[in-house]
Amino acid sequence: MLETLKQDVRRANIHLTNHGVDSFLRGSISAIDRVNSLVVISPSGIFYDEITADMMIVADFAGEIVEGALSCADDVKTHIEIYKAFENIGGIVSLHTPFATAWAQSGRDILPYGDFHVSNFRGSIPCSRSLSAQEIETDYEKNVGLVICETFQKRGIDEMKVSGVNVFNCGPYAWGIDAFSAVYNAITLENVAKTAYLTEKINPDVTTVSKAYIERNF
């Protein structure tokens, strides 16, 4: 079932390791078959470069496993809520890369300070609000997805122009038209987070680029 999509997710996992992303950072990659409303997602607890196509999990939109013998990634329900809200997204990556996660733990948006940021993200990369105690205690993973969608909808952000988010106290999610573009955006988000941190360390009084600069360079 969905063999091509499984191979795509497997190769996307390899791309992560090729770009120096450590398996111990805990994350997952998924891709969606919108015709059948099925999601292929990487299993949990296995090094990225050791995951094979036959290890992939297939889940339906209720988060139930349709195919696969291994443990499903914990945040499959998060991915599903993002897919349900944004029909142009075809692949999602969640990670705990250090610089993006540091911004998530600080509860701050990553502001646009230069060309590298705005060439890839059309404006600030948002940080979601914190989840309530009730949201944490009742279906946490689903509610993470809902708060991501809420962040974009309430702020009026185009999810295909700012293709990533930080979840407060958690870490980054990134997406794209497929699993490969999601990996690209996840790695780029981490590098943007790092350069923004360094920029503020070098000049604490730095100001963001203008709207005109963003529109010119995105």
Side-chain angles (χ1 to χ4, degrees), residues 2 4-21 25 27-42 48 51 53 56-59 61 73 75-97 99-101 103-104 109-110 112 115-128 144-145 147-149 151-153 155-167 170-195 214 217-218:
L2 306 181
T4 299
L5 215 55
K6 290 177 182 177
Q7 289 289 353
D8 287 347
V9 176
R10 181 193 69 85
R11 288 193 293 269
N13 275 277
I14 292 172
H15 282 316
L16 282 180
T17 59
N18 288 344
H19 286 86
V21 176
L25 294 173
S28 58
I29 301 177
S30 73
I32 187 170
D33 174 359
R34 289 199 175 272
V35 173
N36 298 297
S37 296
L38 294 173
V39 173
V40 172
I41 192 165
S42 52
Y48 300 143
I51 295 174
M56 295 298 169
I57 309 298
V58 180
F61 263 22
D75 61 354
V76 63
K77 291 184 179 180
T78 305
H79 290 225
I80 288 167
E81 291 305 318
I82 297 170
Y83 285 128
K84 286 165 64 176
F86 304 121
E87 62 181 14
N88 292 320
I89 292 176
I92 299 171
V93 175
S94 60
L95 290 171
H96 289 86
T97 45
F99 282 92
T101 301
W103 286 93
D109 293 357
I110 304 174
D115 179 70
F116 178 57
H117 180 129
V118 300
S119 293
N120 293 282
F121 301 95
R122 190 180 182 180
S124 299
I125 299 168
C127 185
S128 76
V144 169
V147 82
I148 290 171
C149 301
T151 299
F152 278 72
Q153 291 161 351
R155 297 201 199 183
I157 301 171
D158 185 332
E159 73 282 355
M160 301 310 290
K161 294 178 179 177
V162 178
S163 49
V165 66
N166 269 324
V167 178
C170 181
Y173 283 77
W175 48 78
I177 58 172
D178 54 28
F180 301 103
S181 60
V183 167
Y184 173 87
N185 290 329
I187 293 168
T188 303
L189 195 161
E190 171 65 7
N191 288 328
V192 166
K194 182 177 181 178
T195 55
I214 294 172
N217 288 283
F218 177 71

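Considering every non-hydrogen atom in both Ala193 and Ile110, the closest pair reads CB-CD1, 3.7 Å. Nearest heavy atom pair, residue Gly91 against residue Ala182, reads O-CB, 3.5 Å. Of all the heavy atoms in Ala179 and Ile29, the pair that sits closest is CB-CG2, 4.2 Å. Contact record, Met160 with Asn88: CE-O, 3.8 Å, taken as the closest heavy-atom pair. The two residues Gln7 and Ala53 come nearest to each other via the heavy atoms NE2-CB, 3.5 Å.
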For this session: Step by step, work out the side chain to side chain contact (heavy atoms under 4.5 Å, CB included) result for Cys149 and Glu159.
Result: CA-CA 9 Å; Cys149 301; Glu159 73 282 355; over 6 Å; no

Exercise. Passes side chain to side chain contact (heavy atoms under 4.5 Å, CB included), Ile177 versus Ile89? Steps please.
Worked result: CA-CA 5 Å; Ile177 58 172; Ile89 292 176; over 6 Å; no

For this session: For Tyr173 and Asn166, run side-chain hydrogen bond (donor to acceptor under 3.5 Å, both in side chains): C-alpha distance rounded to whole Å, both residues' side-chain angles, the deciding distance at 0.1 Å, then the answer.
Result: CA-CA 6 Å; Tyr173 283 77; Asn166 269 324; over 6 Å; no

Exercise. Does the side chain to side chain contact (heavy atoms under 4.5 Å, CB included) test come out yes or no for Thr195 and Phe99, once each step is laid out?
Worked result: CA-CA 9 Å; Thr195 55; Phe99 282 92; over 6 Å; no

For this session: Just do the side chain to side chain contact (heavy atoms under 4.5 Å, CB included) check on Ile157 and Arg122 with the steps written out, would you?
Result: CA-CA 9 Å; Ile157 301 171; Arg122 190 180 182 180; over 6 Å; no

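Note that OG1 of Thr188 is 5.5 Å distant from CZ of Phe116, once rounded to the nearest 0.5 Å. Atom CG of Leu189 and atom CG of Leu95 lie 9.5 Å apart (nearest 0.5 Å). Rounding to the nearest 0.5 Å gives a distance of 12.0 Å between CG of Asn120 and CD1 of Ile187. Separation of atoms CZ (Arg34) and CZ (Phe61) is listed at 5.5 Å; rounding is to 0.5 Å. Put simply, NZ on Lys6 and CE on Met56 are 9.0 Å apart, with the number rounded to the nearest 0.5 Å. From Leu38, atom CG reaches atom CG of Asp33 across 6.0 Å, with rounding to the nearest 0.5 Å.
You'll find the side chain of Thr78 reaches within 4.5 Å of the side chain of Ile148, heavy atoms only. Side-chain contact check for Ile57 versus Val40: every heavy-atom pair is 4.5 Å or farther apart. In this structure, the side chains of Arg155 and Asp109 come closer than 4.5 Å at one or more pairs of heavy atoms. Side-chain contact between Phe121 and Lys161 is absent, with no heavy atoms from C-beta onward closer than 4.5 Å. Contact annotation: the side chain of Phe152 approaches that of Phe86 to within less than 4.5 Å [non-hydrogen atoms, C-beta and beyond]. Proximity of Pro112 to Ile214: side-chain heavy atoms (C-beta onward) are separated by under 4.5 Å at one or more points. Contact check for Val162 versus Pro126: side-chain heavy atoms found under the 4.5 Å cut-off. In this structure, Val39 and Val58 have side chains that are not in contact, with every pair of non-hydrogen atoms separated by 4.5 Å or more.
Between the side chain of His15 and the backbone N or O of Phe180 there is no donor-acceptor pair closer than 3.5 Å. Judged by distance alone, with hydrogens and angles left aside, the side-chain atoms of Arg10 form no donor-acceptor pair with the main-chain N or O of Ile51 at under 3.5 Å. Here the side chain of Asn185 pairs a donor or acceptor atom with the backbone of Trp175 at under 3.5 angstrom.
Using a 3.5 Å distance cut-off with no hydrogens or angles, the side chains of Asp178 and Ser181 do pair a donor with an acceptor. With 3.5 Å as the limit, one finds a donor-acceptor pair spanning the side chains of Ser30 and His79. A donor atom on one side chain and an acceptor atom on the other are not found under 3.5 Å apart for Ser119 and Asn217. Using modelled atom types and a 3.5 Å distance limit, the side chains of Ser28 and Ser42 yield no donor-acceptor pair.
A 6.0 Å sphere centred on NZ of Lys194 holds no more than 12 heavy atoms belonging to other residues, nucleotides or ligands.
Tyr184 is linked by a ring pair (Phe, Tyr, Trp, His ring centres under 6.0 Å) to nothing, counting only residues two or more places apart in sequence or in another chain.
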